[in-house]
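Below is one structure, written out as structure tokens; the observations come after it.
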Amino acid sequence: MRLSKAFIPTLKEVPSDANIPSHQLMLRGGYMRQLTAGVYSYLPLGVRALTKAMNVVREEMNAVGGQELLLPALNPESLWIQSGRRNVPNFILSIKERDLVLAPTHEEVIGYIASMHIQSYKDLPQTWYQIHTTFRNEPRPRSGVLRGRQFIMKDAYSLDRSWEDLDKSYDAQAEAYKKIFNRCGIKFFIVGASSGAMGGTGSQEFMIESEFGEDTTALCASCGYAANLEVATSLMPKAARVEKNEPLKEIHTPNVKTIDQLVEFLNIDQSRFAKSLVYRHNGKPLLILMLGNDQLNESKLTAALGGGNASPMDAEELLSLTGADGGSIGPVQLTGFRIIADKRLEGLNGLISGANKNDYHIANIDLARDVNVDGYYDLRSIEAGEPCPKCSKPLKISNAIELGHIFKLGTKYSDTLNITYLDESGKSNPVIMGSYGIGMERIVACYIEQNHDKDGIIWNKVLAPYAIHLIAVNMSSKEVAAASEKMYGQLGEMGVEVLYDDRANITPGFKFKDADLLGMPIQVIVGDKGLKNGQLEIKRRKTGERILVKLEDALTEIKKILSE
RNA sequence: CGGGGUGUGGCUCAGCCCGGUUAGAGCGCCUGCCUUGGGCGCAGGAGGCCGGAGGUUCGAAUCCUCUCACCCCGACCA
């Protein structure tokens with residue numbers, strides 16, 4: 001492609017809306033432009049990079065027996081009502097003129113097709129996938145392409161007859177994912193994750209570490225334990241029971257609201273306090289007890305509650321239902337609430353909690369004696385430095401971007417959408433499903449996050465839109481123009497993808513800056529300086545290393561570098 | 001959805017508090033000359049109903065009200 005004819009609008013200045021490197025560079029390099037919040041147009045260079053990523057994904061999906069489909073973005077609303085996902089918050093975008101919705105994923109359509117055509121155990125297993133535009137009602141799009149309302153997803157679905165076969169399909173996808181990200185040159189790690197509203201029995205996320213990530217993960221450098229904070233655990237010890245079980249005692253605690261203030265006011269260790277959090281779960285009042293200053297993890301809470309909508313109660317309701325304001329609420333003699341507690345509180349006594357009377361707390365609480373606790377669950381967010389659940393070494397906490405997510409769905413959709421097959425004995429069974437997603441733009445953006453410098457993107461040959469950026473330093477020099485044109489022709493004949501800067505009246509500095517910004521892995525520079533000695537220059541974008549080669553050796557040398 | 005911020009030429013921004021020339025700068029763009037190894041120089045030029053609507057005023061980019069859009073923090077997030 002000749003740059004003189006190409007549509008690659010580069011920008012010298014950083015657009016003010018872009019805050020993270022991948023976003024800035026994709027805009028500056030003319031890879032894409034924003035249309036509206038969370039929606040981007042991909043320009044020619046962006047399409048080429050995305051296409052490269054898609055090719056890798058296709059190859060690896062096909063290699064594990066995936067069959068490519070193309071499913072419609074427009075879905076009948078009724079299908080989503082049937083699966084029970086029509087009203088999942090912030091999930092589906094719909095259109096106004098018809099009872100149609102824009103599909104945010106395709107379990108429903110896969111299920112619809114499968115329910116019609118999968119009839120016998122002989123039809124199983126199947127793995128179907130697509131690479132397709134997906135829509136989600138993101139409340140707050142951000143970070144460029146990392147979180148959009150419209151994005152391209154590779155989504156795959158496995159259909160199996162048994163849980164054992166699901167494990168095989170799932171493992172095959174996991175292996176394919178590793179190959180995909182490795183081939184793309186992305187440094188990733190895998191964490192155990194919550195299956196959330198997706199349902200199912202297990203899931204893992206493929207992550208890259210990034211300060212701009214929206215997920216938080218716990219990692220053990222020693223044994224390799226890795227989990228999303230939504231599900232991460234640690235070996236934080238429970239507090240112990242105290243020997244003497246004293247009777248309940250009210251204590252005056254004027255203007256003492258937080259656990260930290262209580263610790264200071266009473267001079268008692270925080271492990272003697274039961275913190276009360278007041279929520280509504282599906283409309284019903286819920287009191288959650290946490291040990292000391294442990295932080296509630298809402299993902300764990302939702303999981304413990306078996307789904308549904310849990311949110312903090314507002315201050316007015318709090319007062320009318322408990323008789324006290326936040327900071328003075330506790331479990332003793334509290335009526336109308338379901339009470340659950342974190343596992344670290346299990347069986348404890350000698351605790352202090354709110355008295356449901358402003359400025360008072362109650363001491364000597366024995367959860368077994370004084371409170372009707374409806375279950376102990378793991379509800380707390382772990383913190384950095386806590387002992388790894390597997391090997392007890394300190395855990396590290398870091399932010400991460402989710403590149404891919406794989407789920408063992410089980411029968412959730414088979415049940416609602418009636419996806420069954422007949423086994424050898426003629427008995428009807430639900431199909432066991434798995435689902436596997438990759439954000440295609442995230443591949444490109446995450447790669448850039450990990451591979452850029454102050455000048456621009458640093459592509460590897462797998463994702464690079466072009467293998468070579470050929471620069472004619474000065475087109476007004478007849479010799480340079482002739483040698484460049486010849487090189488462009490020869491590389492083209494070799495089948496190499498070349499971006500050729502043949503622009504006239506553009507100064508060399510400008511061309512070099514553009515080349516570094518766009519980031520092709522190899523720059524071939526033809527200028528008078530080298531031609532005097534019958535040479536041209538080859539520069540590696542990644543290292544900045546330059547070598548001079550004789551014109552007649554250039555093709556051989558380039559071939560050699562390309563095959564590395 | 002709560003909090004904050006920003007909308008002035010293609011991009012980055014100044015001007016706004018404290019209303020009053022013809023609305024500015026840099027970059028980019030066009031023309032000519034010049035230059036040719038790290039976003040070159042000189043000269044000339046095009047391009048803006050100051051996000052939108054309403055109001056106050058003799059007069060509004062500037063003050064007030066409403067509204068829309070975008071960005072950030074939080075909430076949320078398959």
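On a predicted model such as this, the values are computed, not experimentally measured, just so you know. To find a chain, count down the sequence lines: A is the first, B the second, and so on, and within it residues start at 1.
Pair assignment for C42(B): G32(B), on the basis of Watson-Crick or G-U wobble contacts that are both within less than 3.5 Å. Pairing of C1(B), defined by two Watson-Crick or G-U wobble distances under 3.5 Å, is identified with G74(B). When Watson-Crick and G-U wobble pairs are counted only if both distances are under 3.5 Å, G7(B) pairs with C68(B). When Watson-Crick and G-U wobble pairs are counted only if both distances are under 3.5 Å, C18(B) pairs with no nucleotide at all.
Contact annotation for Gly530(A): base contact, defined as any heavy-atom pair under 4.0 Å involving a base atom. Residue contacts shown for Pro15(A) are limited to sugar-phosphate atoms, with no base heavy atom under 4.0 Å away. Heavy atoms of Glu138(A) sit nowhere under 4.0 angstrom from any nucleic acid atom.
Contact annotation: Ser476(A) side-chain N/O to U36(B) OP1/OP2 distance is not under 4.0 Å.
A donor-acceptor contact closer than 3.5 angstrom links the side chains of Ser158(A) and Tyr436(A). With 3.5 Å as the limit, one finds a donor-acceptor pair spanning the side chains of Asp260(A) and Asn293(A).
Ring pair Tyr31(A)/Tyr42(A): centre-to-centre distance not below 6.0 Å.
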Return the polar atom pairs (N/O with N/O) between nucleotides 39-41 of chain B and the protein under 3.5 Å, or none.
| from | atom 1 | to | atom 2 | distance (Å) |
| --- | --- | --- | --- | --- |
| G39(B) | O2' | Lys12(A) | NZ | 2.5 |
| G39(B) | O6 | Arg28(A) | NH2 | 3.2 |
| G39(B) | N1 | Asp514(A) | OD1 | 3.1 |
| G39(B) | N2 | Asp514(A) | OD1 | 3.2 |

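Scored by the ring-ring contact (aromatic ring centres under 6.0 Å, His included) test, Tyr40(A) finds His23(A) as partners (sequence neighbours excluded).
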